[in-house]
Amino acid sequence: MSQHDLTIKAPEEVKSYPATIKVYTRTGDKGTSSLFTGERRSKDDAVFEALGNTDELSSMLGLAIAYLQATPADTLISRLEAIQCLLQDVGSNVATPLNTEKQMSKVRRTRFDPDGYHCEQLEAWIDELSEGLPVHRSFILPSGGLAASTLHVARTVCRRAERSLIPLKDDVDKETLMFVNRLSDFLFVAARWAAMKQGVTEKIYVRQQVA
């Protein structure tokens with residue numbers, strides 16, 4: 001197993017938090033929240049916009065996983081779960097601006113994919129899943145069943161997440177931007193692959209004629 005490989009643990013393998021820990025803290029009641037560095041910013045700050053988008057993307061992947069369970073495309077699940085974990089790492093990188101000079105230890109701890117491994121892994125997965133896909137000469141509409149359509153929604157959320165990272169490009173690792181950019185490509189191919197494996201025909205663009 002590579003040092004980069006992610007292992008998804010079953011719930012019983014994960015140490016549980018004491019039941020006394022509360023979900024709410026009340027610290028954000030005045031419209032601010034804290035970065036990993038401890039700096040507090042308004043909740044409409046660009047950092048929290050990007051964090052919200054990556055969180056939404058992970059949630060959408062969770063829904064796709066639910067639709068993939070016990071189907072011919074369920075081998076995709078382990079990859080999507082790994083991506084969910086990597087999106088947590090993306091969030092840590094976003095929440096720790098690179099220009100935080102007094103918190104360089106935290107900056108080093110939250111570096112994302114410094115050797116580019118995860119981006120290369122996505123490219124390898126794209127190449128693998130692309131083999132045997134039907135070739136279309138028209139635009140493919142988001143379709144192909146519940147799992148595939150959900151992956152298409154995840155792809156559009158991923159694009160939004162990427163756009164929200166652009167204002168932060170000087171504060172996040174360049175590999176973070178590369179990974180999120182490549183991820184949307186992977187999700188497009190994954191959606192098509194899921195449709196193919198589940199035997200659902202994709203819909204394609206047809207120019208509508210004026211009556």
Side-chain angles (χ1 to χ4, degrees), residues 2 4-11 50-91 112-113 116-166 175-210:
S2 166
H4 297 285
D5 290 340
L6 297 174
T7 301
I8 309 299
K9 295 184 177 181
L51 290 175
N53 288 329
T54 56
D55 184 29
E56 183 180 346
L57 173 54
S58 183
S59 299
M60 192 57 62
L61 293 180
L63 182 59
I65 288 170
Y67 287 137
L68 287 165
Q69 296 282 356
T71 75
D74 61 5
T75 53
L76 196 59
I77 291 175
S78 61
R79 295 180 181 185
L80 296 181
E81 289 176 338
I83 290 169
Q84 285 182 304
C85 292
L86 289 170
L87 286 172
Q88 290 295 118
D89 296 335
V90 166
F112 182 79
D113 198 22
Y117 172 84
H118 296 305
C119 191
E120 291 178 0
Q121 181 70 83
L122 283 178
E123 292 174 354
W125 288 350
I126 290 169
D127 293 342
E128 177 190 335
L129 296 180
S130 295
E131 294 181 6
L133 286 179
V135 176
H136 290 297
R137 300 186 185 281
S138 299
F139 288 110
I140 297 169
L141 302 178
S143 56
L146 286 173
S149 296
T150 303
L151 287 167
H152 276 298
V153 176
R155 169 182 58 82
T156 63
V157 175
C158 187
R159 284 300 189 195
R160 172 159 35 94
E162 180 185 8
R163 292 193 298 272
S164 66
L165 285 171
I166 299 305
E175 293 83 3
T176 294
L177 289 165
M178 291 169 57
F179 177 81
V180 176
N181 180 39
R182 206 71 78 254
L183 179 55
S184 59
D185 296 328
F186 168 77
L187 292 173
F188 175 74
V189 174
R192 298 205 60 212
W193 184 86
M196 181 184 71
K197 295 295 287 186
Q198 294 180 339
V200 183
T201 301
E202 298 171 294
K203 305 298 183 182
I204 61 172
Y205 163 78
V206 177
R207 185 177 181 85
Q208 301 300 295
Q209 300 298 324
V210 178

Practice problem: Could you grab the distance from atom CG of Asp89 to atom OG1 of Thr176, nearest 0.5 Å is fine? | Solution: 9.5 Å

Practice problem: For residues Leu122 and Ile83, determine if any side-chain heavy atom of one lies less than 4.5 Å from a side-chain heavy atom of the other. | Solution: yes

Quiz item: Which residues satisfy the side-chain hydrogen bond (donor to acceptor under 3.5 Å, both in side chains) test with Gln88, sequence neighbours excluded?
Solution: none

Exercise. First locate atom CG of Leu183, then atom CD1 of Ile126, and finally report the distance between them rounded to the nearest 0.5 Å.
Key: 8.5 Å

Show me the donor-acceptor pairs, under 3.5 Å and distance only, between side chains in residues 146-155 and residues at least two apart or in other chains.
unit_1	atom_1	unit_2	atom_2	d
Ser149	OG	Gly145	O	2.8
Thr150	OG1	Leu146	O	2.7
His152	ND1	Arg155	NE	3.4
His152	ND1	Arg155	NH2	3.4

Exercise. Under the salt bridge (Lys or Arg N to Asp or Glu O under 4.0 Å) rule, collect the residues that match up with Glu123, sequence neighbours excluded.
Key: Arg182

Self-check item: From Asn181 atom CG to Cys119 atom SG, the distance as rounded to the nearest 0.5 Å
Solution: 8.0 Å

Practice problem: Please report the shortest heavy-atom distance between Leu51 and Gly91, naming the atom on each side. | Solution: CD2-O, 3.3 Å

Self-check item: Over all atoms of both residues, closest heavy-atom pair of Val157 and Asn53
Solution: CG1-O, 3.7 Å

Practice problem: Using the test ring pair (Phe, Tyr, Trp, His ring centres under 6.0 Å), find all partners of Phe186 that sit at least two apart in sequence or belong to another chain. | Solution: Trp125

Practice problem: Give a yes or no answer on whether the side chain of Glu175 reaches the backbone of Gly116 with a donor-acceptor pair at less than 3.5 Å. | Solution: no

Quiz item: Quick one: side-chain contact (heavy atoms from CB on, under 4.5 Å) partners of Phe139, sequence neighbours excluded?
Solution: Tyr205

Practice problem: Output all residues satisfying side-chain hydrogen bond (donor to acceptor under 3.5 Å, both in side chains) with Glu56, sequence neighbours left out; order by chain, then residue number. | Solution: Arg160

Quiz item: Considering residues at least two apart in sequence or located in another chain, which fulfil the salt bridge (Lys or Arg N to Asp or Glu O under 4.0 Å) criterion with Glu128?
Solution: Arg79

Quiz prompt | CG on Leu57 to CG on Leu87, rounded to 0.5 Å | solution = 5.0 Å

Return a table of donor-acceptor pairs under 3.5 angstrom between the side chains of residues 63-74 and protein atoms on other chains or two or more places apart.
unit_1	atom_1	unit_2	atom_2	d
Thr71	OG1	Leu68	O	2.9
Thr71	OG1	Ala73	N	3.2
Thr71	OG1	Gln198	NE2	3.0

Quiz item: Shortest non-hydrogen contact from Ala190 to Leu129?
Solution: CA-CD1, 4.1 Å

Quiz item: In Å and rounded to the nearest 0.5 Å, what is the CG to CD distance from Leu86 to Gln84?
Solution: 10.5 Å

Quiz item: What is the minimum heavy-atom distance between Lys203 and Ser143, and which atoms define it?
Solution: N-OG, 2.8 Å

Quiz item: Could you give the distance from CG (Leu141) to NE2 (His136), rounded to the nearest 0.5 Å?
Solution: 10.0 Å

Exercise. Please list all pairs passing the side chain to side chain donor-acceptor pair (under 3.5 Å) test where one or both residues lie in residues 184-195, with sequence neighbours left out.
Key: Arg159-Ser184, Arg159-Asp185, Arg192-Glu202

